[in-house]
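Written out below as structure tokens is the structure these notes cover.
This structure is a prediction, so every number in the text was calculated from the model and none was measured.
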Amino acid sequence: MDATTDNLAFSPKPIDAVGLRAGEGPAVQVAMAIVQRTTALRAYDTFSSGRDWMEKLSSAYVVALATRSADTYLMRQIQSCIVEDPAIPCAKCRETTLGINVIRSRLFPELAALRKYANALIHHLDHPKNRGIAQLNIQGVFDYCYHLFQENAELLFGRVPESSFPHTKCKECGAKDTDCQ
Ligand SMILES: [Zn+2]
């Protein structure tokens with residue numbers, strides 16, 4: 001096995017979390033970001049049967065894109081449910097306090113760490129000058145997908161961990177050393 005395919009030689013852990021489940025009475029609960037979830041998991045499952053490294057790489061690319069999209073969607077959902085009290089007057093302070101990257105790092109630090117592998121793969125493949133994939137952590141992309149859809153399966157049904165977001169000043173307000181509470 002050459003260096004090109006070394007990092008494709010693994011089998012993703014099976015994901016058995018469900019996307020639909022019984023709700024109250026006759027209702028059915030549908031996981032949030034169901035389209036991204038379905039797309040990601042379909043590619044996740046086809047990876048191992050890829051006939052060559054190109055097929056495997058294209059599965060990994062779809063897993064990265066669809067998982068990242070679901071991740072972003074979920075963080076926006078959480079963000080939209082946070083009540084600002086008191087309201088943050090400066091838009092940049094709001095971003096440093098309640099931006100989706102801040103929310104992800106605070107509530108889901110492992111997700112934030114694994115997302116870097118998806119970003120690296122997407123960035124690499126989006127630039128045609130880049131050659132070879134030996135330096136990419138492909139398994140990390142699958143770990144990212146597994147972590148979101150299996151280990152955080154409850155999040156897709158709206159269960160969000162409790163947390164507070166202490167007011168963090170943006171650079172400008174911090175430099176002014178004014179009290180922008
Ligand atoms: Zn500010």
Side-chain angles (χ1 to χ4, degrees), residues 7 10-21 23 28-47 57 59-88 90-126 135-171 174:
N7 56 353
F10 64 93
S11 298
K13 293 173 275 187
I15 293 177
D16 57 18
V18 295
L20 294 173
R21 65 187 188 190
V28 171
Q29 270 192 305
V30 181
M32 288 191 279
I34 190 73
V35 173
Q36 293 95 323
R37 183 186 186 279
T38 305
T39 306
L41 296 193
R42 202 166 278 167
Y44 190 99
D45 287 339
T46 57
F47 176 79
L57 189 59
S59 296
Y61 184 62
V62 174
V63 169
L65 280 176
T67 305
R68 199 173 66 155
S69 171
D71 172 358
T72 301
Y73 175 88
L74 291 162
M75 296 307 128
R76 290 224 173 93
Q77 286 293 117
I78 294 171
Q79 186 186 44
S80 70
C81 295
I82 296 173
V83 179
E84 273 178 49
D85 183 28
I88 303 172
C90 167
K92 284 186 182 164
C93 287
R94 189 177 303 127
E95 188 60 28
T96 54
T97 304
L98 294 172
I100 61 171
N101 291 330
V102 179
I103 293 172
R104 184 184 299 106
S105 304
R106 186 172 283 271
L107 296 183
F108 307 99
E110 195 178 344
L111 191 69
L114 292 169
R115 183 182 171 92
K116 296 194 179 98
Y117 301 124
N119 284 340
L121 175 68
I122 293 165
H123 183 80
H124 187 83
L125 295 182
D126 283 350
Q135 76 275 36
L136 295 173
N137 186 333
I138 309 289
Q139 192 162 4
V141 172
F142 285 79
D143 290 343
Y144 175 51
C145 184
Y146 182 87
H147 185 65
L148 181 60
F149 296 114
Q150 180 72 26
E151 295 177 332
N152 284 296
E154 286 299 312
L155 169 60
L156 284 99
F157 289 100
R159 189 175 297 171
V160 176
E162 293 261 345
S163 186
S164 60
F165 296 89
H167 188 151
T168 310
K169 286 179 188 176
C170 71
K171 263 193 208 148

Looking at [X] and [Y], what are the two nearest heavy atoms and their distance?
{"X": "R106", "Y": "S163", "result": "CD-OG, 3.6 Å"}
{"X": "A43", "Y": "T46", "result": "O-OG1, 3.0 Å"}
{"X": "L107", "Y": "E162", "result": "CD2-O, 4.3 Å"}
{"X": "C93", "Y": "H167", "result": "CB-NE2, 3.8 Å"}
{"X": "F157", "Y": "Q29", "result": "CE2-O, 3.7 Å"}
{"X": "A60", "Y": "V141", "result": "O-CG1, 3.7 Å"}

Supply the atom-to-atom distance [X] [atom1] to [Y] [atom2], rounded to the nearest 0.5 angstrom.
{"X": "T67", "Y": "D143", "atom1": "OG1", "atom2": "CG", "answer": "11.0 Å"}
{"X": "C145", "Y": "Q36", "atom1": "SG", "atom2": "CD", "answer": "12.0 Å"}
{"X": "I103", "Y": "R76", "atom1": "CD1", "atom2": "CZ", "answer": "10.5 Å"}
{"X": "Q79", "Y": "I82", "atom1": "CD", "atom2": "CD1", "answer": "7.0 Å"}
{"X": "L114", "Y": "L148", "atom1": "CG", "atom2": "CG", "answer": "10.0 Å"}
{"X": "R37", "Y": "L41", "atom1": "CZ", "atom2": "CG", "answer": "5.0 Å"}

key: Derivation and outcome, side-chain contact (heavy atoms from CB on, under 4.5 Å), residues H147 and F108   = CA-CA 10 Å; H147 185 65; F108 307 99; 5.5 Å; no

Taking [Y]'s backbone N and O only, do any of them form a donor-acceptor pair with [X]'s side chain (distance below 3.5 Å, no angle check)?
{"X": "E151", "Y": "Y146", "result": "no"}
{"X": "T168", "Y": "T97", "result": "no"}
{"X": "R94", "Y": "I88", "result": "yes"}
{"X": "S69", "Y": "L65", "result": "no"}

message = If you define the side chain from C-beta out and look only at heavy atoms, does anything of H124 sit under 4.5 Å from Q135?
response = yes

query = Do the non-hydrogen side-chain atoms of R68 and L121 ever get within less than 4.5 Å of each other?
reply = no

ask   = Do other residues, nucleotides or ligands put more than 12 heavy atoms under 6.0 Å from R21 CZ?
value = yes

query = Can you check ring pair (Phe, Tyr, Trp, His ring centres under 6.0 Å) on F149 and Y44, steps first, answer last?
reply = CA-CA 11 Å; F149 296 114; Y44 190 99; 8.7 Å; no

query = So, E95 and K171, do they make that salt bridge, N to O below 4.0 Å?
reply = no

ask   = Do you know which of L111, I100, L156 makes side chain to side chain contact (heavy atoms under 4.5 Å, CB included) with L74?
value = L156

message = Would D126 and Y61 count as a side-chain contact (heavy atoms from CB on, under 4.5 Å) here? Give the steps.
response = CA-CA 10 Å; D126 283 350; Y61 184 62; 2.8 Å; yes

message = Is the ring pair F10/F142 parallel, tilted or perpendicular, if the boundaries are 30 and 60 degrees?
response = perpendicular

inquiry  = I'd like to know if the side chain of Q139 pairs up with that of N7 as donor and acceptor (distance under 3.5 Å, no hydrogens or angles considered).
reply    = no

